[in-house]
Amino acid sequence: MPTTHKTRMLIIGSGPAGLSAAIYGARAGMEPIVVQGLQPGGQLTITTDVENYPGFRDVIQGPWLMQEMQAQAEHVGTRMLWDTITEVSMEGSPFRAVGDSGDIYEGDVLVIATGAQAKWLGVPGEVEFSGKGVSACATCDGFFYRGKKVVVIGGGNTAVEEALYLTNHSPDVTLIHRRDSLRAEKILQDRLFAHPNVKVLWNKAVESFSGDLGGGGLQAVELVDTVTGEKSSLATDGAFVAIGHAPATELFKGKLELDESGYIVVQPGTPKTAIPGVFACGDVMDHTYRQAVTAAGTGCMAALDAERFLAELDFAALQSEAAE
């Protein structure tokens, strides 16, 4: 028998953004419910070494960090429910969501923290060497390749920005692109071509990643020429797949404004969507930074704005009662 769960603050998504919103929301007395989704904890649960989250001197593990965040959220009064939302109604407060279980979730405010997933090539070795030389985030993992040889795969703004960022750590960066020209903005291309530590391989597609899964990690990318079909191998210590991200916004198409890449549009500098009482935080609205710490920050912002929104609702309700 389906159950209806009611709360002042309903949060969809349980990564750093959703859990930070939950922590602040619970401490403000909103008794939030977090619906965890298909990947409880978000992308950090598949991230091994985390060295750039503030407050930890030594390298920590992504799954451990998310377990601690969840425990903290529960400690201050958050209810964690394991379900996958399949339908949302945003006509007005209370907002309503339906889970795959059949359960119904109602919240006076709705916080969307469904995140985004990196797009992958889908070639052999990509999964096996993930965290062992293959990454989709240079700003997250570039530090581990200080003084080593790295490659970046892609041809858009993200790929060029990742390649330029990696020159801070590596003296040997190769950008691999399957075409003979880049899609990136001209100013970024000019910076890339002018950098002495960057080479570009044109008309090359990655067929697979190879190396030593027993401990040596990634050792090479196997390439095929997209024009001639000629195959080659390029030795490398690290490979960064930079072909874009896909925000988890399928649920919200036609209900919230999305940008050309599918990210939820918010008022500049805030997590507020066009619908009063609906907030978006983390990677689902951020296609620029995509870091755990920035996601957590926008989760905090969403909770603070949600608290203010509810306070205004409560005040309006009191005034209405007094006038009757």
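In what follows, every heavy atom counts, from backbone to side chain, and hydrogens, waters and symmetry copies are set aside.
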In sequence, state the C-alpha distance, the side-chain angles, and the governing distance for V241 and E162, and then conclude on side-chain contact (heavy atoms from CB on, under 4.5 Å). CA-CA 9 Å; V241 179; E162 299 258 284; over 6 Å; no

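- Contact annotation: the side chain of K204 approaches that of D225 to within less than 4.5 Å [non-hydrogen atoms, C-beta and beyond].
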May I have the step-by-step check of side-chain contact (heavy atoms from CB on, under 4.5 Å) for R179 and T226, ending in yes or no? CA-CA 8 Å; R179 298 182 179 85; T226 57; over 6 Å; no

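- Atoms CD and CD1, on E74 and I23 in that order, are 10.5 Å from each other to the nearest 0.5 Å.
- Few gaps surround NZ on K149; more than 12 heavy atoms of other groups in view lie less than 6.0 Å from it.
- Side-chain contact annotation: S210 with E222, donor-acceptor N/O pair under 3.5 Å present.
- Taken together through direct or relayed side-chain contacts under 4.5 Å among Ile, Leu, Val, Met, Phe, Trp and Tyr, V150 and F143 form parts of separate hydrophobic clusters.
- Y289 and V160 fall into different hydrophobic clusters, where Ile, Leu, Val, Met, Phe, Trp and Tyr are joined by side-chain heavy atoms under 4.5 Å apart, directly or via other members.
- Note that CD of E31 and CE of M9 are 12.0 Å apart. Values are rounded to the nearest 0.5 Å.
- The hydrophobic clustering, which links ILVMFWY residues whose side-chain heavy atoms are closer than 4.5 Å, places L256 and L251 together.
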Run N52 and Q291 through side-chain contact (heavy atoms from CB on, under 4.5 Å) and show every step you take. CA-CA 9 Å; N52 57 1; Q291 300 296 303; 3.6 Å; yes

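- Put simply, the side chain of P2 does not reach to within 4.5 Å of the side chain of I104, judged on heavy atoms.
- By the 6.0 Å contact criterion, CD on Q267 is enclosed, its count of non-hydrogen atoms from other residues, nucleotides or ligands being greater than 12.
- Heavy-atom neighbours of E230 CD from other residues, nucleotides or ligands within 6.0 Å: at or below the threshold of 12.
- Heavy-atom minimum distance, L218 versus F129: N-CD2, 3.7 Å.
- The pair K199-D172 meets the salt-bridge criterion, since a charged nitrogen lies less than 4.0 angstrom from a carboxylate oxygen.
- The line from NE2 of H287 to CG of D259 is 4.5 Å long, rounded to the nearest 0.5 Å.
- A donor-acceptor pair is defined here as one N or O able to donate and one able to accept, closer than 3.5 Å; such a pair exists between the side chain of T298 and the backbone of G282.
- At a threshold of 4.5 Å between non-hydrogen side-chain atoms, the residues L182 and L192 count as touching.
- Side-chain atoms of L234 and I176, non-hydrogen and from C-beta on, do get closer than 4.5 Å to each other.
- From R96, atom CZ reaches atom CG of L10 across 12.0 Å, with rounding to the nearest 0.5 Å.
- Between Y105 and I85, the shortest heavy-atom contact is CD1-CD1, 3.8 Å.
- Between D83 and V35 the shortest heavy-atom distance is O-CG1, 3.3 Å.
- Looking at heavy atoms from C-beta onward, M66 lies out of side-chain contact with S14 at the 4.5 angstrom threshold.
- When side chains are defined from C-beta on, V200 counts as touching F193, because their heavy atoms get closer than 4.5 Å.
- Residue F209 is grouped with residue L223 when hydrophobic side chains (ILVMFWY) are merged at heavy-atom distances under 4.5 angstrom, including chains of intermediate members.
- With hydrogens and angles disregarded, no donor-acceptor distance shorter than 3.5 Å links the side chain of S208 to the backbone of P124.
- Within 6.0 Å of the CH2 atom in W82, the count of heavy atoms belonging to other residues, nucleotides or ligands does not exceed 12.
- The heavy-atom pair separating A303 from A21 by the smallest distance is CB-O, 3.5 Å.
- Atoms CG and CZ, from D237 and R146 in turn, are 13.0 Å apart once rounded to the nearest 0.5 Å.
- Remark: aromatic rings of F240 and Y165 are distant, center separation not under 6.0 Å.
- Counted within 6.0 Å of OH on Y24, heavy atoms from surrounding residues, nucleotides or ligands total 12 or fewer; the atom is thus considered open.
- Distance alone, capped at 3.5 Å, is enough to place a donor-acceptor pair between the T236 side chain and the G238 backbone.
- Put simply, the side chain of C281 reaches to within 4.5 Å of the side chain of V111, judged on heavy atoms.
- A donor-acceptor pair under 3.5 Å is absent between the side-chain atoms of S20 and the main chain of G297, judged by distance alone.
- Here the CG-CG distance, from L313 to L318, works out to 11.0 Å after rounding to the nearest 0.5 Å.
- The main-chain N or O of L19 is never found under 3.5 Å from a side-chain atom of Q70 such that the two would form a donor-acceptor pair.
- The nearest pair of heavy atoms linking V76 to A26 is O-CB, 3.3 Å.
- In this structure, the side chain of E128 engages the main chain of G125 through a donor-acceptor pair within 3.5 Å.
- The backbone N or O of L121 lies less than 3.5 Å from a partner atom in the side chain of E126, making a donor-acceptor pair.
- T249 places a side-chain N or O within 3.5 Å of a backbone atom of G262 that can act as its donor or acceptor partner.
- Inter-residue side-chain proximity for T174 and L201 is flagged as met; some heavy-atom pair is nearer than 4.5 Å.
- Electrostatic pairing of R290 and D283 does not count as a salt bridge here, judged by no charged N lying under 4.0 Å from a carboxylate O.
- Considering all non-hydrogen atoms of both residues, L310 and R8 come closest at CD2-NH2, 3.7 Å.
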Would I12 and V88 count as a side-chain contact (heavy atoms from CB on, under 4.5 Å) here? Give the steps. CA-CA 10 Å; I12 304 176; V88 291; 4.1 Å; yes

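- In this structure, F279 is not a member of the same hydrophobic cluster as I275, with clusters built from ILVMFWY side-chain heavy atoms closer than 4.5 Å.
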